[in-house]
Amino acid sequence: ATAAFEQTIEDYSDDDDVVRMTLFQLAMTQAHAGDHSAGATARRGIELADQQGERWTKSYSLWALGYDQYVRGEYDGAVESTRAAYQEAQANVGKARADQGAAEARLRVAEADLARAKTLLAYSEIKAPFDGMVTRRAVDTGHYVHPAAGGQPDDPAGAFIDATTL
């Protein structure tokens with residue numbers, strides 16, 4: 001497994017997300033196998049995550065470092081690394097909740113924009129209250145028409161024949 005993780009890091013060296021996650025997995029594999037390079041691998045993952053401002057895989061690598069320290073009997077270091085991993089994870093959860101709130105707010109704005117657009121679209125149609133035909137058109141597509149005052153058209157958009165009375 002160690003060789004496969006090392007090959008993945010080499011093959012995907014230009015994909016930082018893959019490299020960070022693979023470093024965490026490699027560090028855990030090394031720690032379980034008793035390989036003393038696990039701490040260095042975990043620190044490499046932490047350093048890469050810090051450089052890129054990425055907190056999730058940093059917390060994973062801190063956890064791997066803490067596990068390696070625990071396995072090697074460095075209990076104080078293990079507690080410190082594990083506590084740091086926990087704090088990173090807590091910060092990630094807080095950020096995720098804030099991001100969720102912001103996304104929900106953007107969704108509400110988009111829904112309001114959609115409702116407004118539907119309302120404006122409804123204003124773009126002139127509908128007769130009866131079946132019939134247009135006999136004269138006084139406006140063209142794209143023209144603006146205004147509602148008549150008092151319900152009486154002073155400048156009608158067109159003339160219509162009510163087919164129900166014929």
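The shown structure was predicted, so the numbers you read here are calculated from the model rather than taken from an experiment.
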Trace of the side-chain contact (heavy atoms from CB on, under 4.5 Å) decision for E80 with L65 | CA-CA 10 Å; E80 185 179 321; L65 178 61; over 6 Å; no

First locate atom CD of E88, then atom CD1 of I46, and finally report the distance between them rounded to the nearest 0.5 Å.
-> 9.5 Å

So with a 6.0 Å cut-off around CG of D113, is the heavy-atom count from everything else above 12?
-> yes

Exercise: identify the closest heavy-atom pair between V71 and A31 = CG1-O, 4.2 Å

Contact check, side chains of M28 and W63, non-hydrogen atoms, under 4.5 Å | yes

Can you name the nearest heavy-atom pair linking G39 to D68, along with the distance?
-> N-OD2, 3.3 Å

So does R44 have more than 12 non-hydrogen atoms from other groups sitting under 6.0 Å from CZ?
-> no

Residue pair T82 / G66: nearest heavy atoms and the distance that separates them = OG1-CA, 3.9 Å

Minimum-distance pair of heavy atoms, taken over all atoms of A64 and A27 = CB-CB, 3.9 Å

Does any non-hydrogen side-chain atom of H32 lie less than 4.5 Å from one of Y67?
-> yes

Grab the two heavy atoms, one from T22 and one from F5, that are nearest each other, plus how far apart they are.
-> CG2-O, 3.4 Å

From L120 CG over to K118 NZ, what is the distance, rounded to the nearest 0.5 angstrom?
-> 13.0 Å

Charged N to carboxylate O below 4.0 Å: is that the case for R20 and D16?
-> no

Mind checking the OG-CD spacing from S59 to Q90? Nearest 0.5 Å is all I need.
-> 10.5 Å

Non-hydrogen atoms of Q69 and G77 that approach each other most closely = OE1-O, 2.7 Å

Supply the atom-to-atom distance E54 CD to Y60 OH, rounded to the nearest 0.5 angstrom.
-> 8.5 Å

To the nearest 0.5 Å, atom CG of L48 lies from atom OG1 of T57 at 7.0 Å

CD/Q25 to CD/Q30 distance, rounded to the nearest 0.5 angstrom?
-> 12.0 Å

